[in-house]
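Right, one structure below, let's go through it.
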Amino acid sequence: MPECWDGEHDIETPYGLLHVVIRGSPKGNRPAILTYHDVGLNHKLCFNTFFNYEDMQEITKHFVVCHVDAPGQQAGASQFPQGYQYPSMDQLAAMLPSVVQHFGFKYVIGIGVGAGAYVLAKFALIFPDLVEGLVLMNIDPNGKGWIDWAAAKLSGLTSTLPDTVLSHLFSQEELVNNTELVQSYRQQIGSVVNQFNLQLFLNMYNSRRDLDINRPGTVPNAKTLRCPVMLVVGDNAPAEEGVVECNSKLDPTNTTFLKMADSGGLPQVTQPGKLTEAFKYFLQGMGYMPSASMTRLARSRTASLTSASSVEGARPRACTHSESSEAMGQINHTMEVSC
């Protein structure tokens, strides 16, 4: 296994090439952190502010980080040909095991935003043995009804693609105040991401089906996410309703719901400090405490988020993974706990 794959990679998958950026190298038996961005963005536009935040780097130096760009969304991507069939949301999820296998990861902790959160939730439903935990920001578990679909179609005819994306990403208040942040994203969405490719991704996201999840015990054979999940949304964000509904469909014993004040539609950009602290407690709840170097981070912040962010009833999953994942072979999982 190579010591370090730092840099950019194009990975072959059953549904086309996937652009992936690796930061760092594998750390013993720890999972990789795998990110998936929202529609209209790529890994840089979505996650740079968060991952470059000083306290977050205190955490990530203990993990290999794998940033996935949805097909054709990376900066400088060539335009897909006319008639190209963009992968469905299920297919986007089914591309990820190729990434996990390529780098020899045993399992991942996923961090997804919006469309990326939906893809990672699908991935965890289809390949539960590969997912150790999920941070899902702005997830909407519902497909669009035909009225929503018609409204989206109509607004697509009357507004530009960047404006359509902005109304998905930002709260109404942020759009009205037309902050520097919104202006900056308007400019970057229009110039960094190939607009033809973006339209294909947006169309596929808008035609998604409901995520097939239900709280255990509410319906016969309910499917749900088996791993610890942290749901995150800014108050008054466009996705707030969807995230609240997602929370109602997950197992409360391994789900944390974090609604962040004053964070708007992109909490990872506007409140990286609060989110970093919540992520630290999430990792602690799973038994991954990145050792002594966390002391500076622990000292630098109060424990104000403890009650909101601790994973209630979370138990380190020290058992071996089930043998059901034939595609990946048997995966043994020993929990690494550092004090």
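Remark: Met204 CE to Gln91 CD distance equals 7.5 Å, nearest 0.5 Å. Taken to the nearest 0.5 Å, the OG1 atom of Thr276 stands 9.5 Å off from the CD atom of Gln57. Interatomic distance, NZ of Lys61 versus NZ of Lys27, reported as 10.5 Å (0.5 Å rounding). A distance of 6.5 Å separates CG of Leu96 from CG of Leu18, quoted to the nearest 0.5 Å. One finds the CG atom of Asp38 at 8.5 Å from the CZ atom of Phe47 (value rounded to the nearest 0.5 Å). We find the CZ-CE distance between Phe279 and Met230 to be 7.0 Å, quoted to the nearest 0.5 Å.
Residue Gln195 places its CD atom among more than 12 non-hydrogen atoms of other residues, nucleotides or ligands, all under 6.0 Å distant. Annotation for Gln172: atom CD does not count as buried by contact number, only 12 or fewer foreign heavy atoms lying within 6.0 Å.
Not one N or O on the side chain of Arg215 forms a donor-acceptor pair closer than 3.5 Å with the backbone of Thr224. With hydrogens and angles disregarded, a donor-acceptor distance shorter than 3.5 Å links the side chain of His37 to the backbone of Ala70. Of the possible polar contacts, none joining the Thr60 side chain to the Phe63 backbone as a donor-acceptor pair under 3.5 Å is found. Of the possible polar contacts, none joining the Lys274 side chain to the Pro272 backbone as a donor-acceptor pair under 3.5 Å is found. In this structure a side-chain-to-backbone donor-acceptor pair under 3.5 Å is present from Asn138 to Gly265. No side-chain donor-acceptor contact under 3.5 Å links Glu174 to the backbone of Val182. A donor-acceptor pair under 3.5 Å is formed between the side chain of Ser167 and the backbone N or O of Thr164.
Classification of the Phe170-Tyr185 ring pair by plane angle, with boundaries at 30° and 60°, yields perpendicular.
Looking at Glu240 and Lys259, a side-chain N of the basic residue comes within less than 4.0 Å of a carboxylate O on the acidic one, giving a salt bridge.
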Exercise for the section: Report the C-alpha distance between Asp163 and Leu166 in whole Å, list the side-chain angles of each, state the deciding distance to 0.1 Å, and finish with yes or no for side chain to side chain contact (heavy atoms under 4.5 Å, CB included). Expected result: CA-CA 5 Å; Asp163 281 332; Leu166 289 171; 3.8 Å; yes
Exercise for the section: Show your working on side chain to side chain contact (heavy atoms under 4.5 Å, CB included) between Cys246 and Ile213 and close with a plain yes or no. Expected result: CA-CA 8 Å; Cys246 190; Ile213 52 171; 4.1 Å; yes
Problem - Phe51 and Arg23: CA distance, side-chain angles, deciding distance, side chain to side chain contact (heavy atoms under 4.5 Å, CB included) verdict - result: CA-CA 10 Å; Phe51 278 85; Arg23 293 281 173 256; over 6 Å; no
Exercise for the section: Take Phe282 and Val229 through the test side chain to side chain contact (heavy atoms under 4.5 Å, CB included) and record every step on the way to the result. Expected result: CA-CA 9 Å; Phe282 181 65; Val229 179; 5.7 Å; no
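Under the 6.0 Å cut-off for aromatic ring centres, Phe80 and Phe196 do not qualify, their centroids lying 6.0 Å or more apart.
Contact annotation: the side chain of Leu211 approaches that of Ile139 to within less than 4.5 Å [non-hydrogen atoms, C-beta and beyond]. Within the 4.5 Å cutoff, no side-chain heavy atoms of Phe50 are placed close to those of Val113. Contact of the Val108 side chain with the Val99 side chain is not registered, since no non-hydrogen atoms from C-beta on lie closer than 4.5 Å. The shortest side-chain heavy-atom distance between Asp140 and Arg208 falls under the 4.5 Å cut-off. Side-chain contact check for Asp129 versus Arg226: some heavy-atom pair is nearer than 4.5 Å. Looking at heavy atoms from C-beta onward, Phe103 lies in side-chain contact with Ile22 at the 4.5 angstrom threshold. Between Met137 and Leu266, the closest side-chain pair of non-hydrogen atoms is not below 4.5 Å. Between Met286 and Pro31, every side-chain heavy-atom pair lies at or beyond the 4.5 Å cut-off.
Not counting sequence neighbours, the partners of Gln183 by the side-chain hydrogen bond (donor to acceptor under 3.5 Å, both in side chains) test are Arg186. Among residues two or more places apart in sequence or in another chain, the side-chain hydrogen bond (donor to acceptor under 3.5 Å, both in side chains) test is passed with Glu173 by none.
Partner of Asn194 under the side chain to side chain contact (heavy atoms under 4.5 Å, CB included) criterion, out of Gln74, Gln79, Gln73: Gln79 alone. Only one option out of Val21, Asn48, Val193, Ile189 pairs with Asn42 in a side chain to side chain contact (heavy atoms under 4.5 Å, CB included); it is Val193.
Residues Lys122 and Ala93 come closest through the heavy atom pair CB-CB, 3.6 Å. The two residues Met95 and Pro87 have their closest heavy-atom pair at SD-CG, 4.4 Å. Contact detail for Val131 and Ala124: the closest heavy-atom pair is CG2-CA, 3.8 Å. Minimum heavy-atom separation, Gly234 to Pro267: N-CG, 4.1 Å. In terms of heavy-atom proximity, Asp6 sits nearest to Gly24 at OD1-N, 2.6 Å. Asp212 approaches Leu125 most closely through the heavy-atom pair O-CD1, 4.2 Å.
Defined by atom type and a distance below 3.5 Å, a donor-acceptor pair is present between the side-chain atoms of Thr253 and Asp251. In this structure, a donor-acceptor pair under 3.5 Å is absent between the side chains of Ser184 and Glu180.
By the criterion of side-chain heavy atoms lying less than 4.5 angstrom apart, applied directly or through intervening Ile, Leu, Val, Met, Phe, Trp or Tyr residues, Leu17 is not grouped with Val119; the two fall into different hydrophobic clusters.
For residues 203-235, the pairs satisfying ring pair (Phe, Tyr, Trp, His ring centres under 6.0 Å) are His168-Tyr205, with sequence neighbours left out.
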